[in-house]
2 protein chains.
Amino acid sequence: MTRKPKANLEDIARETGVSKMTVSRVLRGGSGFSDDTRTRVLQVAERLGYIPNRLAAAFGADQASTLVGICVPRLTSGLFAHVLDGVDRALTRLGYQVMIGCNNHSSEDEEAWLRQLISWRPAGVILSGRHHSPGTVDLLRNAGMPVVEIWELTTTPIDMAVGFSHFDCGAEMGQFLIRRGRRRIGVVGAMAGQDEMGRARRDGVERALAQAGHPVAAAELLLDTPGFYAGYYGLETLLSRAPGLDAVYFHNDEMAIGGLAYAQARGLRVPEDLAIAGWGGMEAASVLPLRLTTTVVPTTAIGKQAAEGLVARLRGEPVQDVVAVPTRLVPGQTV
Amino acid sequence: MTRKPKANLEDIARETGVSKMTVSRVLRGGSGFSDDTRTRVLQVAERLGYIPNRLAAAFGADQASTLVGICVPRLTSGLFAHVLDGVDRALTRLGYQVMIGCNNHSSEDEEAWLRQLISWRPAGVILSGRHHSPGTVDLLRNAGMPVVEIWELTTTPIDMAVGFSHFDCGAEMGQFLIRRGRRRIGVVGAMAGQDEMGRARRDGVERALAQAGHPVAAAELLLDTPGFYAGYYGLETLLSRAPGLDAVYFHNDEMAIGGLAYAQARGLRVPEDLAIAGWGGMEAASVLPLRLTTTVVPTTAIGKQAAEGLVARLRGEPVQDVVAVPTRLVPGQTV
DNA sequence: TGCCGCAAGTTTACCGGTAACGTAGCCAAA
DNA sequence: TTTGGCTACGTTACCGGTAAACTTGCGGCA
């Protein structure tokens, strides 16, 4: 194993007969050299198979990093995968590299990851959610780099924020269920006590229903990660405890689809006997035999805007601190 | 914006009254210092909020990088999300950081990403697939770092490989369909000409069917990314061209579920009129009203093993070059 | 008493790139 | 002829950590 790539600036300089600095300027596309020099340097670089050393660049000139970190609650969620994709595409296009992290809905994990990230002296960081440990906030304030908080909106961002209100998503769906004549409405949640944003949606639906005079009839709060199984068994448990519900609001679409599967397995007619509402807008939701009633979230756009905002700030361009992206309640066939 | 974290080794050294080098040894947990010195150094480091500079460490001692790159074909695929999760968990636990990339099923994109990655002088890299551009192979050979090729198995890895045979997946499902009495079998593919591994599965099923004397009756090869919609419309197109099929093998589970939705929308009985087979083993497949017949792939395990193999090699431990992970054909209710 | 060996440090020399600054050569305007 | 400005470079210092070599103090032992 021959560590260390063969060529560095000095090798090119020696071979070309100019100084290191001239080579550096040519390769970074600056100015202060003749066309002839440029051509010769590029030829030699090509011939020696030169690969720049960003480690040295970022280290020496301590503002030149092109590294951006992004931390999401779970990597296996389809929604966050799209956020990640939006971030990655935008940053790649702009010449940045992406370091990922997963906080498992835990502030401590987030802080631990952030500490590792900062040890690489990145150009900026994208976090999910608006609740962070005091240590995290401290680290970020001292690091003095752009920070974008995504997913859940906050009006007082550490630096910038791109997202929407989970509470409003829940409230809107609650009002919708009421308008459609539902009165005995249940809720199936997941990751009890861990997912702040899922809780915000439940709070939203609770508030809306209470205000309409038909408070939540029953709630089943699972500890599991929100998946199809959890939705299936969550609804089973909920209905066994509270038969006669006429609607259920699920933590997300995956669980709602699982719930739908259970309802059908039990011979319940959807939406006549039971209405089912999800959240998130996963693609599967719209090709089911029954199109799911859900709230569509612009995942990729959030990632893209977070990345672009971060880079704009790095470049000193004017940036909007808080960007609210619109979510859309899509009435399907399950309510 | 106050770039640059406050404290470095020298600050701690000055404050503690020892040399930089002693501080370095204490913080990295070496030896050659008294307990008293250790305690004082740690206290001062804590007080000054010291955060190590991995940039400097990796730069100065060019084997100290804890950066690992992983490149997958698509970030939005549920399967790769699980691979990524497996990689991330394992590497985080082992003290490494993860840089991601997405090659969009294109060798050029992969090479471009790899070039960026190498400019960070990473400790190792994980790539998907076994087909790479000559430039990629060159870069990897010169970089002299561990390389793991995942997902599609190869017997001649650049360095290491963890995966399975896509061809065999297809062949196994082909034989299964034949055993279940299917004779007019169609195929719906996606990402025509781009996804080598999807093609390998199609090749596998074709071979199996041909050997059984009932070659593929019709194939619809879409250009789209493999999702629910593509499955829905892919089956529609296929059946309009080749009515009377009694089974269809889909590119993956998402498409199979889309196809299932179409079949039900058309009033086709599954599996009586039409059998549907998927590939991948997404969770949704097993809670549908009809459990999907599919091949389950150990995604997370692949990521985990790739990461652990890479680190083992970095540590100079003995490693198995080629690890074949088992896939499992799960007979559901759709065949 | 003198020597040895070890623990506990210190000193020095880098790593590869970039910023800041220096300078030689040339041309044009004064 | 001098001066000033510009182009096209060269030189130096430095970033923060680490490896390796070197030093110092001290206890043990012949």
Side-chain angles (χ1 to χ4, degrees), chain A residues 2-42 44-45 48-67 118-123 143, chain B residues 2-42 44-45 48-67 118-123 143:
Chain A
T2 54
R3 288 239 130 256
K4 139 174 343 229
K6 33 205 178 206
N8 61 20
L9 279 193
E10 194 151 12
D11 297 331
I12 300 176
R14 195 175 332 103
E15 197 84 356
T16 319
V18 297
S19 75
K20 248 172 68 172
M21 196 55 218
T22 299
V23 176
S24 168
R25 282 192 290 245
V26 169
L27 293 180
R28 277 187 309 138
S31 64
F33 45 83
S34 61
D35 269 5
D36 177 56
T37 304
R38 203 181 89 92
T39 312
R40 275 161 50 226
V41 166
L42 291 180
V44 174
L48 298 185
Y50 173 74
I51 296 187
N53 187 336
R54 235 181 265 284
L55 232 44
F59 171 59
D62 54 16
Q63 72 245 31
S65 176
T66 56
L67 184 63
I118 292 181
S119 77
W120 286 98
R121 306 297 188 263
Chain B
T2 54
R3 289 241 130 254
K4 132 172 354 217
K6 38 213 172 207
N8 60 20
L9 280 193
E10 193 151 13
D11 296 331
I12 300 177
R14 197 177 327 107
E15 198 83 357
T16 319
V18 297
S19 75
K20 248 172 66 171
M21 197 56 224
T22 300
V23 176
S24 168
R25 280 195 292 247
V26 168
L27 292 180
R28 278 185 309 140
S31 65
F33 46 82
S34 61
D35 268 7
D36 178 57
T37 303
R38 205 182 87 92
T39 313
R40 277 162 48 229
V41 165
L42 290 179
V44 173
L48 297 184
Y50 173 74
I51 295 187
N53 187 335
R54 235 181 264 285
L55 232 42
F59 171 59
D62 54 18
Q63 71 245 30
S65 177
T66 56
L67 184 62
I118 291 181
S119 76
W120 286 99
R121 305 296 186 263

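Quantities reported herein were computed from a predicted structural model and do not represent experimental measurements. To find a chain, count down the sequence lines: A is the first, B the second, and so on, and within it residues start at 1.
- Residue pairs meeting the salt bridge (Lys or Arg N to Asp or Glu O under 4.0 Å) criterion with at least one partner in residues 18-31 of chain B, sequence neighbours excluded, are absent.
- Applying the 4.0 Å criterion to OP1 and OP2 of C/dA19, one finds that A/R28 has a side-chain N or O inside that range.
- Residues satisfying the side-chain hydrogen bond (donor to acceptor under 3.5 Å, both in side chains) criterion with B/T39, sequence neighbours excluded, are absent altogether.
- Put simply, the side chain of A/L42 does not reach to within 4.5 Å of the side chain of A/Y50, judged on heavy atoms.
- At a non-hydrogen distance threshold of 4.0 Å, A/V18, A/S19, A/M21 from residues 9-21 of chain A come into contact with DNA chain D.
- You'll find the side chain of B/V23 stays beyond 4.5 Å of the side chain of B/F33, heavy atoms only.
- Under the side chain to side chain contact (heavy atoms under 4.5 Å, CB included) criterion, B/L48 pairs with B/A7, B/D11, B/I12, B/V44, sequence neighbours left out.
- Among residues two or more places apart in sequence or in another chain, the side-chain hydrogen bond (donor to acceptor under 3.5 Å, both in side chains) test is passed with B/D35 by none.
- A/R40 pairs by the salt bridge (charged side-chain N to carboxylate O under 4.0 Å, His left out) definition with A/D36, not counting sequence neighbours.
- Stacking between A/F33 and D/dC9 is absent: the aromatic ring centre is not both under 5.5 angstrom from the base six-membered ring centre and within 30 degrees in plane angle.
- Considering only residues two or more places apart in sequence or on other chains, B/T37 meets the side-chain hydrogen bond (donor to acceptor under 3.5 Å, both in side chains) condition with B/S34.
- Not counting sequence neighbours, A/T16 has no partner by the side-chain hydrogen bond (donor to acceptor under 3.5 Å, both in side chains) test.
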Would you list the protein and nucleotides 21-27 of chain C atom pairs, both N or O, that sit under 3.5 Å from each other?
none

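- The terminal axes of the helix from C/dT1-D/dA30 to C/dA30-D/dT1, fitted over 5 pairs per end, subtend an angle of 60° to the nearest 10°.
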